[in-house]
Amino acid sequence: MLSVRTITENPQLVAERLKVKNFEAGSLIDEITGIDSRRRQLKASLDNSQAESNRISKQIGIYFREGKKEEADRAKEQTSLIKEQIKQFGRELAEEEKRLTELVELLPNIPHESVPPGNTPGDNKIVREGGSMPSLGKDALPHWELARRCDIIDFELGNKITGAGFPVYKGKAAKLQRALINFFLDEAVEAGYTEIMPPVLVNEDSAYGTGQLPDKEGQMYHVGEDNLYLIPTAEVPLTNIFRNEIIPADELPRKLTSYTPCFRREAGSYGKDVRGLNRLHQFDKVEIVEIAHPGSSYERLEAMTGYIESLVVKLGLPYRIMLLCGGDMSFHSSKTYDFEVFSAAQKKWLEVSSVSNFETFQSTRMMLRYREKEGKKIHLVHTLNGSALALPRILAALLENNQTPEGIGIPPPLAERCGFDIIGF
RNA sequence: GGAGAGGUGGCCGAGUGGUCGAAGGCGCACGCCUGGAAAGUGUGUAUACCUCAAAAGGGUAUCGCGGGUUCGAAUCCCGCCUUCUCCGCCA
């Protein structure tokens with residue numbers, strides 16, 4: 001979320017910038033400003049009452065030590081009113097703070113100045129394209145047909161064991177998945193990311209910290225018995241590693257990577273987009289996360305984008321990098337690039353990565369800060385993350401684009417990890 | 001899951017109702033000392049919020065988390081989380 005200070009100190013600027021996300025913030029900001037000034041007044045009143053109460057209590061202590069019991073008793077009588085005031089101010093302050101947080105949480109993140117305006121994916125800007133389109137015959141098969149023909153991914157079996165959206169990878173597909181994971185992790189470590197194996201269940205505080213709670217509650221699987229959430233992305237546990245931390249400036253950027261399964265309920269998305277591997281409830285992903293100095297976070301965003309691009313290039317997939325317009329960006333992001341690869345039999349661009357700078361939107365929630373080398377001042381860090389990469393759609397594109405009359409070719413970086421370079425029919 | 005013992009500042013550790021945000025030590029920063037270093041020595045060393053134009057200063061809160069008792073809680077009571085030991089179970 002945005003910090004209250006940002007909002008109250010630059011109300012018109014915030015409102016102006018949020019229009020790029022098609023968000024009318026004017027009245028909300030007015031309300032926030034009003035509540036915040038009431039909050040400050042209440043805080044001052046509460047502090048004064050508490051100071052007075054502390055003074056009396058100390059005095060009582062002194063009376064007792066001096067054996068002045070009568071004075072002590074008289075002083076005690078003074079406290080009932082002040083205690084009542086403290087309770088009342090405390091209640092009111094808590095209410096205002098709760099309301100303030102609720103309202104601030106409704107405001108999306110401010111888009112970076114380089115974010116283009118727009119409403120739909122059609123307004124996104126293609127910033128780079130690469131790779132070459134495969135030339136497939138008319139009889140080219142979509143990946144779900146190929147998977148059936150080679151008997152390597154079993155969607156029906158997943159239905160039996162769990163339900164729709166939980167495919168079972170078999171034989172060479174299972175091995176290919178493992179090769180992809182290893183490839184992505186090896187590359188990330190080579191690029192300076194520290195490999196982490198985090199928990200895939202997180203508590204409420206963590207889900208709140210990265211912004212899944214409260215607004216995306218319905219997107220996560222919830223284990224009610226223990227009040228834990230299955231992660232929708234490794235971003236959640238990785239970023240929360242730093243929750244409530246103060247990092248020395250010279251340790252920035254911190255760079256982490258992780259492979260995890262990801263779980264998404266995807267409530268409300270049905271239809272042809274969910275065909276095959278295109279949209280799943282459980283999928284595998286390697287994620288990169290960076291905790292960056294505000295002064296260099298956009299350089300880091302470009303560096304992460306360049307890194308992810310190198311992966312797609314090594315896999316030989318045709319791709320394009322989109323700069324998302326204000327209306328198509330996520331609520332939490334300041335700037336996002338999406339990576340899409342072309343899946344040649346479906347003739348579709350599939351999103352395989354999303355790289356974002358959240359600036360202080362997450363660090364505000366989780367009190368994630370850094371300490372300046374000079375002056376020792378403390379400020380919020382910028383958090384960034386990106387998929388590097390999400391497996392199912394990469395697999396879909398690999399299967400479709402590399403199909404030949406004999407079978408499905410495996411690109412070199414994966415073949416050397418699989419021990420085979422073709423999945424035969 | 002059962003029984004017992006713990007959780008104090010960056011770290012170690014004292015503190016069982018009253019000037020305790022917390023002794024002492026280590027570490028760290030700056031200064032003195034030194035040719036330079038070590039040793040020695042002096043000072044400083046949490047975070048959030050409020051106040052202040054800013055800095056300085058002041059106020060409030062925070063001793064795992066949340067409630068409660070009390071004029072007053074690190075200290076007493078209750079719930080939760082967590083660590084260790086033993087038992088049970090188990091990949």
Side-chain angles (χ1 to χ4, degrees), chain A residues 1-10 32-101 103-104 197-209 213 223-229 237 240-252 254 261 360 362-381:
Chain A
M1 63 184 173
L2 300 174
S3 77
V4 175
R5 194 167 293 267
T6 304
I7 299 163
T8 56
E9 286 179 359
N10 324 281
I32 287 168
T33 308
I35 290 178
D36 185 54
S37 80
R38 276 203 294 287
R39 183 199 127 246
R40 287 165 192 244
Q41 282 167 18
L42 281 167
K43 168 73 171 154
S45 304
L46 176 65
D47 284 359
N48 287 337
S49 297
Q50 250 157 353
E52 178 62 14
S53 166
N54 287 346
R55 264 194 296 278
I56 296 171
S57 292
K58 271 180 192 169
Q59 189 56 46
I60 290 173
I62 292 168
Y63 284 143
F64 271 121
R65 214 168 312 120
E66 293 172 347
K68 297 178 180 168
K69 189 162 183 316
E70 282 172 27
E71 281 90 335
D73 286 341
R74 223 174 303 136
K76 274 191 198 179
E77 286 163 19
Q78 291 177 27
T79 61
S80 63
L81 176 65
I82 200 108
K83 283 186 72 179
E84 201 41 57
Q85 282 179 343
I86 289 172
K87 253 185 207 162
Q88 185 58 29
F89 286 139
R91 263 196 298 268
E92 287 176 27
L93 182 64
E95 271 170 35
E96 297 291 351
E97 283 178 339
K98 180 163 175 269
R99 183 77 187 128
L100 186 62
T101 304
L103 292 177
V104 171
M197 277 193 98
V200 298
L201 283 150
V202 296
N203 60 28
E204 263 183 301
D205 287 345
S206 294
Y208 178 82
L213 290 179
V223 183
E225 181 86 15
D226 300 288
N227 197 23
L228 297 172
Y229 295 87
N240 272 285
I241 287 174
F242 302 100
R243 174 153 47 86
N244 284 318
E245 295 290 329
I246 300 172
I247 303 170
D250 56 11
E251 289 180 19
L252 298 175
R254 297 291 299 267
T360 59
Q362 294 178 327
S363 58
T364 302
R365 295 175 160 232
M366 57 172 105
M367 289 293 283
L368 201 185
R369 295 148 297 165
Y370 73 94
R371 190 190 304 276
E372 282 176 2
K373 188 109 179 148
E374 302 296 327
K376 306 276 184 187
K377 284 245 181 66
I378 290 167
H379 305 283
L380 294 164
V381 300

Under 3.5 Å, is there a donor-acceptor pair between the A:Ser3 and A:Thr6 side chains? yes

Criterion side chain to side chain donor-acceptor pair (under 3.5 Å) on A:Glu92 and A:Gln88, from CA distance to verdict: CA-CA 6 Å; A:Glu92 287 176 27; A:Gln88 185 58 29; 2.8 Å; yes

Rounded C1' spacing from B:U47 to B:C86 in Å: 39 Å

Using side-chain contact (heavy atoms from CB on, under 4.5 Å), reason through A:Met366 and A:Gln362 one step at a time and then give a plain yes or no. CA-CA 6 Å; A:Met366 57 172 105; A:Gln362 294 178 327; 4.2 Å; yes

Distance check, P atoms only: B:C49 and B:A55, in whole angstrom units. 13 Å

What is the distance from atom CG of A:Asp250 to atom NZ of A:Lys373, rounded to the nearest 0.5 Å? 4.0 Å

Check ion pair A:Glu372-A:Lys377 (N to O, under 4.0 angstrom): no

Mate of B:C11 where both pairing distances stay under 3.5 Å, Watson-Crick or G-U: B:G25

Need one value for A:Lys376: base, sugar-phosphate or nothing, where a base atom within 4.0 Å counts as base even if backbone is also close, heavy atoms only. nothing

Heavy atoms only, 4.0 Å cut-off, all strands: where does A:Ile378 land among base, sugar-phosphate and nothing? sugar-phosphate

Any donor-acceptor pair under 3.5 Å linking the side-chain atoms of A:Arg369 with those of A:Ser363? no

Partner of B:U70 by Watson-Crick or G-U wobble geometry, both contacts under 3.5 Å, or none? none

Side-chain donor-acceptor pair present, A:Asn48, A:Ser45, cut-off under 3.5 Å: no

Spacing of the C1' atoms in B:C81 and B:C65 (rounded, Å): 7 Å

Using the ring of A:Phe242 (Phe, Tyr or Trp, six-membered ring only), decide whether A:Arg254 places NZ or CZ under 6.0 Å from its centre and within 45 degrees of its axis. no

Nearest-nucleotide check on RNA chain B, A:Arg371 vs A:Thr79; residue mapping nearer the 5' end is A:Arg371

Answer yes or no: is there an ion pair linking A:Glu52 with A:Arg55, defined by an N-O contact shorter than 4.0 Å? yes

B:G79: pairing nucleotide in any strand, Watson-Crick or G-U under 3.5 angstrom: B:C65

Tell me which nucleotide, if any, is Watson-Crick or G-U wobble paired with B:G17 when both distances must be under 3.5 Å. none

Exam field: side chain A:Asn203 to backbone A:Asp205, donor-acceptor pair closer than 3.5 Å: yes

Taking the same atom, C1', in B:C89 and in B:A14, what whole-Å distance lies between them? 41 Å

Would you grab the first and last nucleotide of RNA chain B (5' to 3') that comes under 4.0 Å of any non-hydrogen atom in chain A? B:G18 to B:G72

Toward the 5' end of RNA chain B, which comes first, A:Lys377 or A:Gly61, by nearest nucleotide? A:Gly61

Pairwise C1' distance, B:G59 and B:G21 [rounded to whole Å]: 14 Å

Both distances under 3.5 Å, Watson-Crick or G-U wobble: report the partner of B:C49, or none. B:G59

P gap between B:C20 and B:A73, integer Å: 15 Å

In whole angstrom, give me the gap between the P atoms of B:G44 and B:C26. 16 Å

Who pairs with B:G40 - Watson-Crick or G-U, where each distance is under 3.5 Å: B:C32

Pairing nucleotide - B:C89, Watson-Crick or G-U, each distance under 3.5 Å: none

Enumerate the residues from residues 33-57 of chain A whose closest heavy atom to RNA chain B is under 4.0 Å, giving them by residue number; use none for an empty result. A:Arg39, A:Arg40, A:Lys43, A:Ala44, A:Asp47, A:Gln50, A:Ala51, A:Asn54, A:Ser57

In whole angstrom, give me the gap between the C1' atoms of B:U19 and B:C77. 26 Å

Need one value for A:Arg5: base, sugar-phosphate or nothing, where a base atom within 4.0 Å counts as base even if backbone is also close, heavy atoms only. sugar-phosphate

